[in-house]
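The next block holds one structure in the form of structure tokens; read it before the comments.
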Amino acid sequence: MAKKAKRRGRPPGAKSPDKMDIGQLRQYIDRLEGILKKKVGEQRAFLEGKLSELSGFASAKAARMLRAVPGLEGTRKKGTRRKAEPKYRSRKDPKILWSGRGVTPVWMREEMKGTKLKKDDFLISKS
């Protein structure tokens with residue numbers, strides 16, 4: 001004898017919400033809300049547990065990083081740097097100076113253009 005096929009859908013005796021009267025619908029909705037509230041609570045508790053594990057891990061890791069890297073604890077100096085000392089001087093106008101930082105100035109490029117002069121030729125001697 002062949003097996004009976006399993007029935008899909010609602011168990012026998014259950015009514016579709018279309019055929020229920022108002023009292024039965026109210027009970028059905030209340031039962032569904034209770035199930036939903038229970039599942040949401042379980043999920044929330046699970047996720048909050050995972051989040052607390054992760055936040056503990058992250059804060060411990062951040063504390064280790066602060067100890068490992070010097071200067072990040074808040075002992076950083078505040079203020080401005082002093083102006084860079086000039087390294088180069090113009091040959092045409094000795095008042096024009098350049099520290100050697102940033103883009104090569106126009107006056108230096110113009111003085112080097114068409115000549116064999118290099119940056120080193122504009123260095124200020126330390127004597």
Q: Enumerate the residue pairs fulfilling side-chain hydrogen bond (donor to acceptor under 3.5 Å, both in side chains) with a member in residues 102-117, sequence neighbours excluded, ordered by first and then second residue.
A: Ser90-Glu111

Q: Taking salt bridge (charged side-chain N to carboxylate O under 4.0 Å, His left out) as the test, write out the residues that go with Asp18, two or more places apart.
A: none

Side-chain atoms of residues 34-52: list all donor-acceptor pairs with protein atoms under 3.5 Å, sequence neighbours left out, distances to 0.1 Å.
residue : atom : partner : partner atom : Å
Ser52   : OG   : Glu48   : O            : 3.4
Ser52   : OG   : Gly49   : O            : 2.8

Q: Consider only side-chain heavy atoms of I, L, V, M, F, W and Y, link residues closer than 4.5 Å, and tell whether Met20 and Ile29 are in one cluster.
A: no

Q. Can you name the closest pair of heavy atoms from Met112 and Phe122 and give their distance?
A. CG-CE1, 3.5 Å

Q) Taking only residues two or more places apart in sequence, or in another chain, which ones meet Arg89 in a salt bridge (charged side-chain N to carboxylate O under 4.0 Å, His left out)? A) none

(Q) Are there over 12 heavy-atom neighbours, none belonging to Leu32, within less than 6.0 Å of that residue's CG? (A) yes

Q) Met108, Leu117: one ILVMFWY side-chain cluster at the under-4.5 Å cut-off? A) yes

Can you give the donor-acceptor pairs under 3.5 Å from side chains of residues 94-103 to other protein atoms, not counting sequence neighbours?
residue : atom : partner : partner atom : Å
Trp98   : NE1  : Arg101  : O            : 3.1
Ser99   : OG   : Arg101  : N            : 3.3

Q: Applying side chain to side chain contact (heavy atoms under 4.5 Å, CB included), name anything that partners Glu85, two or more places apart in sequence or on another chain.
A: Arg82

Q: Hydrophobic side-chain clustering at under 4.5 Å (ILVMFWY, transitive links): who's grouped with Val106? Put none if nobody.
A: none

Q: Name all residues meeting the side chain to side chain donor-acceptor pair (under 3.5 Å) criterion together with Arg91; count only those two or more places apart in sequence or in a different chain, and write none if there are none.
A: none

(Q) If the condition is side chain to side chain contact (heavy atoms under 4.5 Å, CB included), which residues does Gln27 pass it with, not counting sequence neighbours? (A) none

**Q.** Any residue meeting side chain to side chain contact (heavy atoms under 4.5 Å, CB included) with Asp120, in chain and number order, not counting sequence neighbours
**A.** Leu123

